[in-house]
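Scroll down for the structure; my scribbles are underneath it.
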Amino acid sequence: MVEDYNKDEEIEKLTESLKHNKKSDFEFHDTINPVYSTGAGLTRKTVEEISDIKHEPDWMRRSRLKALEIFLSKPMPTWGPDLSGIDFDSLTYYSKPGETKAKNWDDVPDKIKETFDKLGIPQMEQKYLAGSVAQYDSEGVYGSLRKEWEDKGVIFTDLDTAIQEHPDLVKDYYCRAIPPSDNKFAALNGAVWSGGSFLYVPKNVQIDMPLQTYFRMNGEQSGQFEHTIVVADEGAKVHYIEGCTAPKYNTSSLHTAIVEIYARKNSDVKYTSVQNWSDSVYNLPVKRAWVDENAHMDWVTGELGSKVTMIYPSSYLRGRKASTSNLQITLATKDTFKDAGGKALHLAPDTTSRIVSKSISLDNGVTAYRGLVRMNEGALRAKSHVQCDALLINSDSKNYTYPYDEIYEPTAEFSHEATVGKIGTDELTYLRSRGLSEDEASSMIVLGFMDDIMKEIPMEFAVEMNRLVKLEMSKMGAVG
Amino acid sequence: MIENYLETLNTRFHDFDIEYRKQAYINYLRYPDPSYKESPDKKSYVTITDKDLDRMAFGELSVSIKKREKIDNDYDLVVTDSDFLVSGKKKEIYMSSMRTAFSEKPELFAEYVDKLFGKYNKENLINFSYENGYFLNVPDNAKTEIKIESIQDSNSSFTFKNVIVVGKNSSVEITDVYRKHGEGNGVHGRNIYIFCLEGSNVKYNYIQAEGEDTVNLTYLRPVLYDNSEIRIIDVNTGGSKVLYNHESEMHVNTTMKSYGVNISRADQEMDIWDSSLQYGKYSNCDINIKGVVLDRSSTMHRGNIDIEPDSIKSTGFYGSAILLMSENGKGNSKPALLIKNNDTKSKHSSAISSIDPDQIFYLRSRGLSEEEAKDLIINGFIGYIEDITDNEFLKTLLKDILKL
């Protein structure tokens, strides 16, 4: 068991240690030569090569090739941000950093371990986590799970290992919620996916500490295409966390992940992700949860980094009394476009959903909220509330809000609210009259604006998120 | 086929604003509807078929509306697709058909009509094929009221273009009623351009109660010059398919308030847009729209609050509420905020739901039947529109048209 700790003291310590960090600290890049790489470009041969090196079963190989066909046949989306900067031919789709996967940090190759040390992953694991997986470029380099959970039948490993060790279980869930035919990027992931986590929590097992995966993309002009599957069996409870960073390059990298979550009857799943990719990354993941009867799905996402982000975590509420909550913070800095939102599809009676999105645009950054709530006929007494607020810090900051509300059930209740504005002069004046400088006051207002969501984020992430937002804003000279 | 329309343009309209029509025709062919970069499952909610567009553009004019000698009610102007009657009571206002205005007021055409093409594909279609319409010019510093009745033969298909120019510092209330005549599945397209010149104050009431089987396309385009104001009331009840698209172009220190009510019944499909396009600083927009969905009908509410980079110190609000009254009805809303500078405040809200059973229970416990209770609640929901105006003529009209 983990020793009790004083939460306030921990926050204090973390804040102190993070004060000296800067976002650019995450943007270093290592001089690690991959042991294997497919080289640039995407062809049938690339896909076969990936499948070969992973010694995959035949069904997976066929599934990859089918997905490649779909990817090549689908057009690029014409809505949303400009994606013309992605050069599919010059990306490296697979690069393997080391030969083996370690179960202990000491066994991780020194240079990679150094990277994760700098990011603070091993320390975090000791303190707060029930297990963790670390992925470096295309492959998992480390995986561990506390013994007590392993004994209860919890499986937490990277997906490649899971396919070898639990093929039937993986086959049951792989690409069911998000088939490659869903969209172009789901198809791309289906063809070249590598790494990602596989988490299975057996019936009635309730894990009280979070499990975490950390993704690090190191290569220039590379792509990271992890595929994560989380299954909470009936009555299970789990909190799964993802963090992502990458070095900054002048050329663009691509991150196209898939996250499939299956919340079975009476289960409770919380998924937290804080994305802090560098400004050269196109971040286009597809995240979706199937939520069964009386189950609850919580999405908490922080979209802080990347050049372009398009992310719409979705919950398909499939069983009576299924519920979902989707909390999101989006930060758009100079020259970035963050197109984010959430979807809730009510397919059964008494389902409820709540989507809260808070966007902050700095400099000429653009944030967009794009969300869908659909209540199908028969979703009796379904309820949904959507709230999206945007704060525009500079005069050329932009925000677009495009909610989609489709209600086909008369007993359903739906409401949506959105506001866009800047920091109010009344609020500023009030705080300044209490002795705060303008920068302190703005900073306090911005953090207050995000407060609803911060409360829901695990403490260590919340501290980091606060710091990152402050840091980005101080670059603008807006906040101290 | 509209693709072969050029010949029709040359024969039918060679003496009626032909250069403008040619440009509109080119725009129609060249530009599809602008995409707001919506989401991938974007659907065109009310689909107007190519055949219907053909019928509308080529025109099938009425033979059943009888010609009248003079106006025999309170209206100042009565328009049918073959008739154009002016009461003569409002001598200070220039009122005529577009055809007459084209020859009589070339300078106004050059100034207002021939410059605006609109940005929607079908708006261009109406602009190159319009058969007729009315042209009103209210002089500067006037204070007046205009009542217009358009009698629309349900069996005929046509496009009309109406242009209203309100002079500087004038204050005017215009009530524009579109009524049904007979039965039929005609296709009616109309563009309405309202130019509110500097300092003017305009109230425009649009009431559409056409035939149940007709297809309706309406583009309402107010242009607000500096320091002007407009208040719009729009009511849509008729038509099997209704595409109503209002977008106000707003310049410095302007105010637009828009209040709408639509009731869809039977298999009606309604797509109701209310948008602002705010270019000038200190522009304020407030849009409120309510819909009631009955039977198997469907209603979509859309609207953009579009605040451009120079439109600082501006505000925008869009609010939509839909009351879903039937098991087979559909209610959708797609409001959007497009905010391009930070010195503004904008907000949208939308709500879709049925009647709260507690409210019904309360009324039933007071002795009302279920139906009476529902009607009372619906009337309360849409009745707000009557409180907005103190114009008795309009109030009576609304009571008559909105009765359930």
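Below, all heavy atoms of this structure are taken into account, side chains as well, without hydrogens, waters or symmetry copies. Naming convention: chains lettered A, B, ... in sequence-line order (proteins, then strands); numbering from 1 in each chain. Predicted model, so just to flag it, every value in this text is computed and none were measured.
Ion pairing between A:D405 and B:K334 fails under the 4.0 Å rule for side-chain N and carboxylate O.
The two residues B:A336 and A:P403 come nearest to each other via the heavy atoms CA-CD, 4.4 Å. Closest heavy-atom contact between B:L324 and A:E409: CD1-O, 3.6 Å.
In this structure the side chain of A:E417 never reaches within 4.5 angstrom of the side chain of B:H348, judged on heavy atoms. Residues B:I322 and A:F414 are not in side-chain contact: their nearest non-hydrogen atoms beyond the backbone lie 4.5 Å or more apart. Taking 4.5 Å as the limit, every side-chain heavy atom of B:K340 sits out of range of all side-chain heavy atoms of A:S397.
In terms of heavy-atom pairs under 4.5 angstrom with chain B, the leader among A:N399, A:D396, A:T411, A:D389 is A:N399. With respect to chain B, the highest number of heavy-atom pairs below 4.5 Å among A:S395, A:A412, A:G371 belongs to A:S395. Taking B:G329, B:P335, B:P357, B:G316 one by one and counting their heavy-atom pairs under 4.5 Å with chain A, the maximum is reached by B:P335.
Here CD of A:E406 is found 7.0 Å from CE of B:M300. Values are rounded to the nearest 0.5 Å. Annotation: the span from A:Y400 atom OH to B:N304 atom CG amounts to 11.5 Å, rounded to 0.5 Å. One finds the OH atom of A:Y408 at 13.5 Å from the CG atom of B:N328 (value rounded to the nearest 0.5 Å). Here A:M375 contributes atom CE and B:N332 contributes atom CG; the two are 12.0 Å apart, rounded to the nearest 0.5 Å. From B:S333, atom OG reaches atom CD1 of A:I407 across 7.0 Å, with rounding to the nearest 0.5 Å. Put simply, CD1 on B:I339 and NZ on A:K398 are 11.5 Å apart, with the number rounded to the nearest 0.5 Å.
Counting heavy-atom neighbours within 6.0 Å of A:K422 NZ, excluding the residue itself, gives a total above 12. Residue B:Y384 qualifies as enclosed at atom OH: its count of foreign heavy atoms under 6.0 Å is above 12. The environment of NZ in B:K241 is crowded: more than 12 heavy-atom neighbours from other residues, nucleotides or ligands sit within 6.0 Å. For B:K281, the NZ atom counts as loosely surrounded, since its 6.0 Å shell holds 12 or fewer non-hydrogen atoms of other residues, nucleotides or ligands. Around atom OH of B:Y282, no more than 12 heavy atoms belonging to other residues, nucleotides or ligands sit under 6.0 Å away. The number of heavy atoms from other shown groups lying within 6.0 Å of NZ (B:K122) is above 12. Under a cut-off of 6.0 angstrom, the local environment of CD in B:E327 is sparse, with at most 12 non-hydrogen atoms contributed by other residues, nucleotides or ligands.
Heavy atoms closer than 4.5 Å to chain B are found nowhere in A:Q387, neither backbone nor side chain. For A:A418, the parts sitting under 4.5 Å from any heavy atom of chain B are the backbone and the side chain alike. Neither the backbone nor the side chain of B:P309 has a heavy atom closer than 4.5 Å to any heavy atom of chain A. A:P77 does not touch chain B: none of its heavy atoms, backbone or side chain, sits under 4.5 Å away. In this structure, the portions of B:S346 lying under 4.5 Å from any heavy atom of chain A include both its backbone and its side chain. For a residue to count as touching a neighbouring chain, one of its non-hydrogen atoms must lie under 4.5 Å from one of that chain's; by this rule A:E413 touches chain B with backbone and side chain alike.
In terms of modelled atom types and a separation under 3.5 Å, the side chain of B:N342 and the main chain of A:I393 share a donor-acceptor contact.
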>> Does A:Y402 form a side-chain contact (heavy atoms from CB on, under 4.5 Å) with B:L337? I'd like the steps, not just the answer.
In response: CA-CA 7 Å; A:Y402 311 96; B:L337 297 174; over 6 Å; no

